[in-house]
Amino acid sequence: MEKLEQLYEGKAKKVFKTDDPELLIVDYKDDATAFNGEKKGTIMGKGVVNNRMTNHVFAELEKVGVPTHLVKELSDRETLVKKVSIVPLEVIVRNVAAGSFSKRMGVPEGTQLLCPILEFSYKNDDLGDPFINDDYALALGLATQEEIDTIKAYTRKVNEFLKGYFLNAGMKLIDFKIEFGKTADGTIILADEISPDTCRLWDVETNEKLDKDRFRRDMGNVEEAYNEVFRRLGLA
Ligand code: TMP
Ligand code: ASP
C-alpha cells in the first residue's frame, strides 16, 4: 500500500492518504504534549510502543465484538486503517479517581469508584476539550442518540476487556480515553489509539504510575514506563 500525501498532522500522529480512498496510513510520532499542547516534549520510542500496543489491543477488541479501524500494521510506527470521520467526543472511562476528576470532585487520587464512570468531552482544542453530557452532544449535533447508545455500549465493553487485560499484566486500569469514527456508510467503529498516552496504568502492587502522567507531572523515567508496559504486555 503506497503512502501518498499527508492529510493531517496531530499532536502524536500523522495521517496519510493511500491509493485506496477508504484507507489511510497513520504514522505514530515520539512527540508528546500535555495541557492542550502547552507542554511539549519527546518520549523516545513512544511511537513504536503506541502503534504496536494499539494494534494488539484493537485486534483483541475485535474478537470480543468491538469493531475498530485497524486493517494492518505496516511497520513499527505505521498502520493501515479504515478512513473515518472522527466523532468529536472524547469518551473517558474512570474506574478509580485520578486526574481532572480528583481535582473537580475533591476526591483523592486512588479512591476506588463504586461503579465505572463514562463521561464525554467535546473534542475541540480551541475550547480545551470541555466536559459535556449527552444533551450537549445531541443539541449540538455532535452525535445522534443511536450513535451515543452505540458508543456507550462499545465503551463499556472496552473497559471490561481492558481491566482484565491489564490486570493480567500486573497493572490497574485507572481511567482511559477513546475516540470513535464513522465510516462512509455511517457505521461507528473504534478509532485513534489505546496506549500509555491515553490510559492511566498503575502497578497493581505499588501503584507506581506507568503512563503519560510521568511526562505530564515531570516524574522522570518516562521512556522506562512506556517500555515496561510494552514488556509486561508481552510485546517487547
Ligand atoms: P483527565 O483525568 O485529565 O480528564 O484524563 C482522563 C483520561 O483521559 C486519562 O487516562 C488520560 C486521558 N486523556 C487523553 O487521552 N487525552 C487528553 O487530552 C486528556 C486530557 C486525557
Ligand atoms: N495530549 C493532550 C494535549 O496536549 C493532553 C494530555 O494527554 O494530557 O492536549
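This one's a predicted model, so the numbers in the text were calculated from it and none came from an experiment. Read the numbers this way: they start at 1 and go in the same order the structure lists the ligands and their atoms. Just so you know, these numbers use all the heavy atoms, side chains as well, and skip hydrogens, waters and symmetry mates.
Counting only distance, with no hydrogens or angles, the side chain of D31 and the backbone of T42 share no donor-acceptor pair below 3.5 Å. With Q145 contributing its side chain and L138 its backbone, the two residues share no donor-acceptor pair below 3.5 Å. A donor-acceptor pair under 3.5 Å is absent between the side-chain atoms of D175 and the main chain of V93, judged by distance alone. N36 contributes a side-chain N or O that, together with a main-chain N or O of D125, makes up a donor-acceptor pair within less than 3.5 Å. A donor-acceptor distance shorter than 3.5 angstrom exists from the side chain of T150 to the backbone of E146, with no hydrogens or angles considered.
Scanning the protein for heavy atoms near atom 1 (P) of ligand 1, the closest one is S100 OG, 3.3 Å. Closest to atom 18 (O) of ligand 1, if we only count protein heavy atoms, is E90 OE1, 4.0 Å. Nearest protein neighbour of atom 12 (C) of ligand 1, counting heavy atoms only, is K177 CB, 3.7 Å.
Remark: Y28 pairs with no residue by the side-chain hydrogen bond (donor to acceptor under 3.5 Å, both in side chains) rule, at least two apart or across chains.
Screening V87, N124, I132 against L142 for a side-chain contact (heavy atoms from CB on, under 4.5 Å) leaves a single residue, I132. Of the listed residues (K46, K177, K11), just one forms a side-chain hydrogen bond (donor to acceptor under 3.5 Å, both in side chains) with D197, and that residue is K46.
In R94, the part holding a heavy atom less than 4.0 Å from any atom of ligand 1 is the side chain. In C199, the part holding a heavy atom less than 4.0 Å from any atom of ligand 1 is the backbone.
For ligand 1, none of its N or O atoms has an N or O atom of D129 under 3.5 Å away.
Using modelled atom types, one finds a donor on one side chain and an acceptor on the other under 3.5 Å when comparing T183 with D185.
Near ligand 2, heavy-atom contacts under 4.0 Å come from K11, T33, A34, F35, N36, G37, K212, R216.
Contact annotation: D197 has at least one heavy atom less than 4.0 Å from an atom of ligand 1. The closest approach between a heavy atom of R216 and any atom of ligand 1 is below 4.0 Å.
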Evaluation steps, salt bridge (Lys or Arg N to Asp or Glu O under 4.0 Å), between E78 and K3: CA-CA 10 Å; E78 296 166 309; K3 205 170 173 182; 2.6 Å; yes

Intermediate values then yes/no, salt bridge (Lys or Arg N to Asp or Glu O under 4.0 Å), R77 and D30: CA-CA 10 Å; R77 291 175 185 272; D30 286 348; 2.9 Å; yes

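Comparing heavy-atom distances from atom 10 (O) of ligand 1 across D175, D125, I194 singles out D175 as nearest. Comparing K103, K212, R200 against atom 3 (O) of ligand 1, the shortest heavy-atom distance belongs to R200.
Crowding of M219 atom CE: a count of heavy atoms from other residues, nucleotides or ligands under 6.0 Å exceeding 12. Remark: K72 NZ is loosely packed, at most 12 non-hydrogen atoms of other residues, nucleotides or ligands lying under 6.0 Å away.
Residue F176 approaches ligand 1 through these ligand atoms, each under 4.0 Å from one of its heavy atoms: 10 (O). Near T198, meaning under 4.0 Å from one of its heavy atoms, ligand 1 places the atoms 10 (O), 12 (C), 15 (O). For ligand 1, the atoms lying closer than 4.0 Å to a non-hydrogen atom of G99 are 2 (O).
For atom 20 (C) of ligand 1, the nearest protein heavy atom lies 4.0 Å away or farther.
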